[in-house]
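Notes to accompany the following structure.
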Amino acid sequence: PQTLIKGNTFIKPKIAERYEAPAANGQWKVLDNLPVCLTTIDDTTVEVIWNKMTSGQFILQWSNGLQLETKTIVVESLY
């Protein structure tokens with residue numbers, strides 16, 4: 001499915017990636033309890049780090065009350 005969240009679908013463990021929302025003043029979160037660190041950069045940008053050395057995947061969600069966007073992120077092995 002299409003998403004308005006801009007950023008890489010495939011990432012590596014322990015390496016920060018940035019994602020951009022379609023509008024300002026929203027909230028970012030990760031669905032499920034997974035080893036992901038989210039750091040807000042500004043009104044539309046979040047930095048994401050997968051904190052394990054193993055591969056996996058998670059769903060990044062952004063919402064501003066009127067709009068809800070999700071993006072599946074796949075964490076590839078370092079090797």
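Along the sequence shown, residues are numbered consecutively beginning with 1.
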Going from [atom1] on [X] to [atom2] on [Y], what distance comes out if it is rounded to the nearest 0.5 angstrom?
X	Y	atom1	atom2	value
K14	W50	NZ	CH2	11.5 Å
I59	L34	CD1	CG	9.5 Å
L68	W62	CG	CH2	9.0 Å
T9	I73	OG1	CD1	6.0 Å
K12	E17	NZ	CD	10.5 Å
K6	T44	NZ	OG1	9.0 Å

Checklist outcome for this item: With Y19 as partner, the option from T3, T45, I41, I5 fulfilling side-chain contact (heavy atoms from CB on, under 4.5 Å) is I5

Checklist entry - Are any side-chain N or O atoms of E47 and backbone N or O atoms of A16, one a donor and one an acceptor, separated by less than 3.5 Å? => result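 No; zero donor-acceptor contacts below 3.5 Å.
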
Checklist entry - So, does N64 use its side chain to make a donor-acceptor pair with the main chain of L66 at under 3.5 Å? => result yes

Of the non-hydrogen atoms in [X] and [Y], which two are nearest, and what is the gap between them?
X	Y	result
L60	L38	CD1-CD2, 3.9 Å
M53	P13	O-CG, 3.7 Å
S55	E76	CB-C, 4.1 Å

Next on the checklist: If hydrophobic clusters are built by linking Ile, Leu, Val, Met, Phe, Trp and Tyr wherever their side-chain heavy atoms come under 4.5 Å apart, do I49 and V75 end up in the same one?
Outcome noted: no

Checklist entry - Does the side chain of F58 reach to within under 4.5 Å of the side chain of D32, using non-hydrogen atoms? => result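 Of all side-chain heavy-atom pairs linking D32 with F58, none is under 4.5 Å.
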
Checklist entry - Do other residues, nucleotides or ligands put more than 12 heavy atoms under 6.0 Å from Q27 CD? => result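 No, CD of Q27 has 12 or fewer neighbouring heavy atoms, counting only those of other groups under 6.0 Å.
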
Checklist entry - Within a radius of less than 6.0 Å around CG of N51, do more than 12 heavy atoms belonging to other residues, nucleotides or ligands occur? => result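 Enclosed: over 12 neighbouring heavy atoms sit under 6.0 Å from CG of N51.
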
